Undergrad: 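If you scroll down you'll find the structure; I have some questions about it.
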Protein chains: 2
Amino acid sequence: MVNLTLKQFRYFDALAVHGHFGRAADVSGISQPALSMQIKELEDSLGSQLFERSARQVRLTAFGEDLAPRVRDILRSVDEVEDLARQSQNTLTGRLRIGVIPTIAPYLLPSFLGHLTHTYPTLDVHVRETQTQTLIEELTHGRLDAAIVALPVSEPTLEEVTIFEEDFVLVRPVADSDAPVPNAADLAKMQLLLLEEGHCFRDQALAFCSLRSSLPRESMDGSSLSTLVQLVGAGIGVTLIPRMAIGVETQSANVAVASFKGAQPKRTIGMVWRKTSPLAEQYREIVSILEQASKTVR
Amino acid sequence: MVNLTLKQFRYFDALAVHGHFGRAADVSGISQPALSMQIKELEDSLGSQLFERSARQVRLTAFGEDLAPRVRDILRSVDEVEDLARQSQNTLTGRLRIGVIPTIAPYLLPSFLGHLTHTYPTLDVHVRETQTQTLIEELTHGRLDAAIVALPVSEPTLEEVTIFEEDFVLVRPVADSDAPVPNAADLAKMQLLLLEEGHCFRDQALAFCSLRSSLPRESMDGSSLSTLVQLVGAGIGVTLIPRMAIGVETQSANVAVASFKGAQPKRTIGMVWRKTSPLAEQYREIVSILEQASKTVR
DNA sequence: ATTAACCATAAGATATACTTATCGTTACAA
DNA sequence: TTGTAACGATAAGTATATCTTATGGTTAAT
């Protein structure tokens with residue numbers, strides 16, 4: 001049995017409606033013999049006649065009448081598929097799984113997600129917050145669509161785009177706030193509190209002090225910037241935080257914030273996605289939304 | 001935009017399931033390039049990419065994932081259409097509009113409809129009871145599928161098939177039951193009660209007596225055999241009824257039934273349908289059901 | 001660095017779908 | 001009854017789709 005085709009269904013529907021081969025063919029934009037042949041083909045495929053042809057009328061058989069509503073249903077569903085395609089042509093729809101590192105998420109996400117869901121109301125955003133390494137692994141394996149991390153990532157399969165640059169500020173006890181701001185070399189000799197291993201921000205801070213990340217340090221590592229700032233407030237040491245975190249983290253603690261003189265420690269925040277992703281265009285739009293969002297927290 | 005095809009949907013579904021062009025092509029019984037091309041065609045038609053191809057994996061895009069269940073729905077509906085066709089291959093299904101003349105309907109239908117719906121449980125039978133002329137008109141115009149009438153009908157567009165032959169019996173008052181049975185010539189001189197104009201049975205009875213149907217007769221015409229028999233019971237005259245009607249009509253009346261001697265008055269009951277109908281085969285089966293049914297009332 | 005896996009592309013072959021021209025039947029009118 | 005118009009089926013040729021095999025290019029693993 002030859003396969004049924006949507007074309008046959010369309011012709012069948014037209015003929016069922018018009019009851020006239022010539023007119024149905026006209027409406028379908030083909031010649032009458034073409035329609036006759038496709039109807040015949042359909043009838044052969046189904047093994048039953050669909051129309052009864054007499055000199056004056058073309059009538060649906062009982063079976064044809066059974067079929068007609070089903071065929072219309074199918075054609076309508078196909079049209080819906082086309083509509084859906086047209087609709088989601090340029091807008092992001094459906095599920096978007098986005099990863100964010102912990103030293104960005106709490107500061108950037110509130111504003112970002114607001115902008116994002118406003119721009120793409122039909123978007124179903126899933127956020128995953130974990131360290132860069134995990135995000136990249138999940139991204140390359142297709143369990144995430146994009147990630148917001150510190151650049152560079154240097155994965156050959158990933159595309160990376162810069163969102164903004166952000167410098168780090170010193171957080172020290174209020175008591176020390178009148179002391180001169182230490183430079184990188186000074187900092188290396190101070191009690192510098194850092195995030196635990198695996199956070200890129202830890203590496204970036206250490207790099208500023210020209211220290212090796214892998215060296216074992218004192219056990220005062222914290223699991224979040226918030227914890228670190230609280231420790232600083234308790235007079236245990238000093239730390240660095242990204243400028244974006246100032247508002248959220250230093251309000252409630254007894255700490256002072258200071259910018260460094262000269263060469264600034266900083267990081268580049270960007271978004272990455274698989275080079276193979278067909279949504280590159282949309283991701284770039286998301287990047288510009290992120291730029292907007294970042295301005296509200298800087 | 002080129003048209004979508006069920007073929008593309010089938011390939012899309014296979015690829016969505018297998019996530020691998022080669023295997024999906026195998027399953028679909030085509031070569032891998034053929035599948036690649038159809039998927040590309042589908043993506044072009046819809047204006048959006050459906051799969052993300054990387055070296056190791058073929059993944060549905062968000063849009064593709066939206067699409068997949070819809071496409072499966074459509075394919076399932078198409079399969080249902082095929083099932084429906086297979087199922088109604090040789091059995092009569094759906095609506096059957098059948099006409100019956102009034103001098104057959106009450107006697108034959110009860111048994112016939114029982115057999116019919118037993119044989120074709122999914123058949124939705126509509127019965128129309130009216131005179132031959134109307135039935136034939138409705139039949140030729142497609143408002144009926146078949147009719148049970150007295151033959152011949154002699155409509156060139158209709159096929160007619162005999163079901164059985166049935167003779168007519170005399171109905172007279174019980175008081176006359178000892179008198180000899182009149183012959184056709186005697187009958188012409190008696191007070192013969194008949195159905196009103198338009199009933200073929202009237203014409204057949206008159207033909208037996210060698211009388212012209214169109215001649216105006218006394219106003220004692222009745223609208224149903226039942227009425228005629230009641231009139232006979234009241235001593236107003238005699239009448240003819242088809243043998244099939246004896247059981248139903250003569251039980252409750254004070255009448256006697258007698259068969260004619262020699263040449264029997266009779267009629268041929270048959271079924272007719274449009275020669276163009278594709279259901280001729282099934283109608284012949286119905287005829288044999290009617291033969292069965294008629295035996296139970298003869 | 002080589003190989004294997006895998007999807008895309010190219011070129012040619014085959015199958016499908018369409019066109020125009022024409023036939024055969026039916027219904028209606030002269 | 002005969003001619004005629006309407007209409008669907010059929011035939012023959014052409015265009016278009018679709019498939020095949022062969023091959024290319026990219027990626028990831030040995």
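Note that this is a predicted model, so its numbers are computed, not measured. Order of the sequence lines fixes the chain letters, A, B, ..., with proteins taken first and strands second; residue numbering starts at 1 for each chain.
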Undergrad: Which residues pass the side-chain hydrogen bond (donor to acceptor under 3.5 Å, both in side chains) test with B:E159, not counting sequence neighbours?
TA: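 By the side-chain hydrogen bond (donor to acceptor under 3.5 Å, both in side chains) rule, B:E159 matches B:R284.
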Undergrad: In this structure, how many angstroms lie between the P atom of C:dC6 and the CG atom of B:D26, rounded?
TA: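 That distance rounds to 12 Å.
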Undergrad: Just how far, in rounded Å, is P of D:dA9 from NE2 of A:H20?
TA: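 After rounding, the reported distance stands at 12 Å.
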Undergrad: In whole angstrom, what separates A:L50's CG from D:dG8's P?
TA: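 Rounded to whole Å, this separation is 16 Å.
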Undergrad: Under the side-chain contact (heavy atoms from CB on, under 4.5 Å) rule, collect the residues that match up with A:R95, sequence neighbours excluded.
TA: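 Once residues adjacent in sequence are excluded, the partners of A:R95 under the side-chain contact (heavy atoms from CB on, under 4.5 Å) criterion are A:R97, A:D124, A:H126, B:E65.
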Undergrad: Any pair with a residue in residues 24-38 of chain B that passes side-chain hydrogen bond (donor to acceptor under 3.5 Å, both in side chains), sequence neighbours left out, goes on the list, sorted by first then second residue, please.
TA: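 side-chain hydrogen bond (donor to acceptor under 3.5 Å, both in side chains) check on residues 24-38 of chain B returns B:Q8-B:Q38, B:Q32-B:S36.
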Undergrad: Using whole Å, report how far CZ of B:F51 lies from P of C:dC6.
TA: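 After rounding, the reported distance stands at 16 Å.
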Undergrad: What residues form a side-chain hydrogen bond (donor to acceptor under 3.5 Å, both in side chains) with A:E155, not counting sequence neighbours?
TA: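 By the side-chain hydrogen bond (donor to acceptor under 3.5 Å, both in side chains) rule, A:E155 matches no residue at all.
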Undergrad: Please encode protein proximity along nucleotides 17-30 of chain C as a string of B, S and -, counting only heavy-atom distances under 4.0 Å.
TA: SBBBB----SS---
Undergrad: Nearest whole Å is fine: how far is D:dT18 P from B:L6 CG?
TA: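 B:L6 atom CG is separated from D:dT18 atom P by 12 Å.
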Undergrad: Give the rounded distance in Å between these two atoms: CG of B:D44 and P of C:dT9.
TA: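 B:D44 atom CG is separated from C:dT9 atom P by 10 Å.
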Undergrad: Does B:R72 have any side-chain contact (heavy atoms from CB on, under 4.5 Å) partners at least two apart in sequence or in another chain, and if so, which?
TA: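 side-chain contact (heavy atoms from CB on, under 4.5 Å) list for B:R72, sorted by chain: B:D13, B:A16, B:V17, B:A68.
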Undergrad: B:S36 side chain N/O closer than 4.0 Å to the phosphate oxygens (OP1, OP2) of C:dC7?
TA: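 For C:dC7, neither OP1 nor OP2 has a side-chain N or O of B:S36 closer than 4.0 Å.
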Undergrad: In whole angstrom, give the distance that lies between atom NE2 of B:H18 and atom P of C:dC6.
TA: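 The answer, rounded to whole Å, is 14 Å.
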Undergrad: May I ask you to evaluate whether A:R53 reaches the phosphate of D:dA9, defined as a side-chain N or O under 4.0 Å from OP1 or OP2?
TA: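 Yes, because at least one side-chain N or O of A:R53 sits under 4.0 Å from OP1 or OP2 of D:dA9.
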Undergrad: Atom CD of B:E52 and atom P of D:dT27: how far apart are they, to the nearest Å?
TA: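 Distance check: B:E52 CD to D:dT27 P gives 13 Å.
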Undergrad: So that I can tick it off, tell me whether B:D79 and B:R76 are bridged by a salt bridge, with the cut-off set at under 4.0 angstrom between side-chain N and carboxylate O.
TA: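 Result for this pair is no, no salt bridge flagged.
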